[in-house]
Amino acid sequence: MTETRPKGWLAQKLAKLTADDQTIDAQELQSDVASSGCEPVSTCQKGKVVAVTGRLKSVVYTPRETVPTLEAELFDGSGSVTLVWLGRRRIPGIEPGRSLTARGRFASFEGRKVIYNPWYELSAG
């Protein structure tokens with residue numbers, strides 16, 4: 001048996017009504033990514049300069065012996081990337097639930113997707 005995706009208007013509406021909140025949120029975030037011209041996190045390649053957009057899931061200040069860091073997990077519906085600001089304890093507006101666009105060189109550190117010291121723009125609201 002082959003599985004088919006709903007194609008008709010009614011089938012799409014029914015699928016949206018029966019989907020869980022996380023699935024709907026992820027779909028809306030992916031739609032925002034597509035309309036903003038940014039790249040989905042899931043397709044970003046190590047070493048490339050990318051622009052990503054999404055919602056901050058968590059923000060953590062990590063005191064280190066050498067340089068303190070502020071880390072924020074950005075989720076765009078396709079995946080997550082950790083934004084790391086070196087030497088920062090706090091950045092006004094960088095808080096869980098906030099939407100933003102970030103640009104920087106995509107990297108990998110200890111199995112995590114990371115952008116160090118990204119340029120960022122907070123979304124209104």
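This chain uses plain numbering: 1 for the first residue, then up along the sequence. Predicted model only: the values in this text are computed from it and were never measured.
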query = Of all heavy-atom pairs between Gly47 and Arg105, which one has the smallest distance, and what is that distance?
reply = O-NH1, 2.6 Å
key: Minimum heavy-atom distance between Asp76 and Pro40, given as atom pair plus value   = OD2-CA, 3.3 Å
inquiry  = Hydrophobic clusters here meaning ILVMFWY residues chained together by side-chain heavy-atom distances under 4.5 Å, can you tell me if Tyr120 and Tyr116 are in one?
reply    = no
Glu39 to Val52 - nearest heavy-atom pair and separation = O-CG1, 3.5 Å
key: Leu74 with Val114, same ILVMFWY side-chain cluster at under 4.5 Å   = no
inquiry  = Taking Leu86's backbone N and O only, do any of them form a donor-acceptor pair with Thr69's side chain (distance below 3.5 Å, no angle check)?
reply    = no
Shared hydrophobic cluster, Phe106 / Val49 (ILVMFWY, side-chain heavy atoms < 4.5 Å) = no
inquiry  = What's the separation between atom CZ in Arg89 and atom OG1 in Thr62, rounded to the nearest 0.5 Å?
reply    = 12.0 Å
query = Yes or no on side chain to side chain donor-acceptor pair (under 3.5 Å) for Glu73 and Ser80, after CA distance, side-chain angles and deciding distance?
reply = CA-CA 6 Å; Glu73 181 185 359; Ser80 293; 3.0 Å; yes
query = Considering all heavy atoms of both residues, which atom of Lys46 and which atom of Ser108 are nearest to each other, and what is their separation?
reply = CD-CB, 4.2 Å
key: Shortest non-hydrogen separation from Ile115 to Gly104 and the atoms involved   = CG2-CA, 3.7 Å
query = What do the steps show when you test Leu83 against Ile94 for side-chain contact (heavy atoms from CB on, under 4.5 Å), and what is the final call?
reply = CA-CA 11 Å; Leu83 308 176; Ile94 301 296; over 6 Å; no
ask   = Are Val84 and Leu70 connected in the hydrophobic side-chain network, where two residues link if heavy atoms are under 4.5 Å apart?
value = no
query = Out of curiosity, does Val50 fall in the hydrophobic cluster containing Val41 (side-chain heavy atoms, cut-off under 4.5 Å, transitive links)?
reply = yes
key: Thr101 side chain reached by Cys38 side chain, heavy atoms, under 4.5 Å   = yes
query = Do you know which two heavy atoms are closest between Trp85 and Pro118, and how far apart they sit?
reply = NE1-O, 3.4 Å
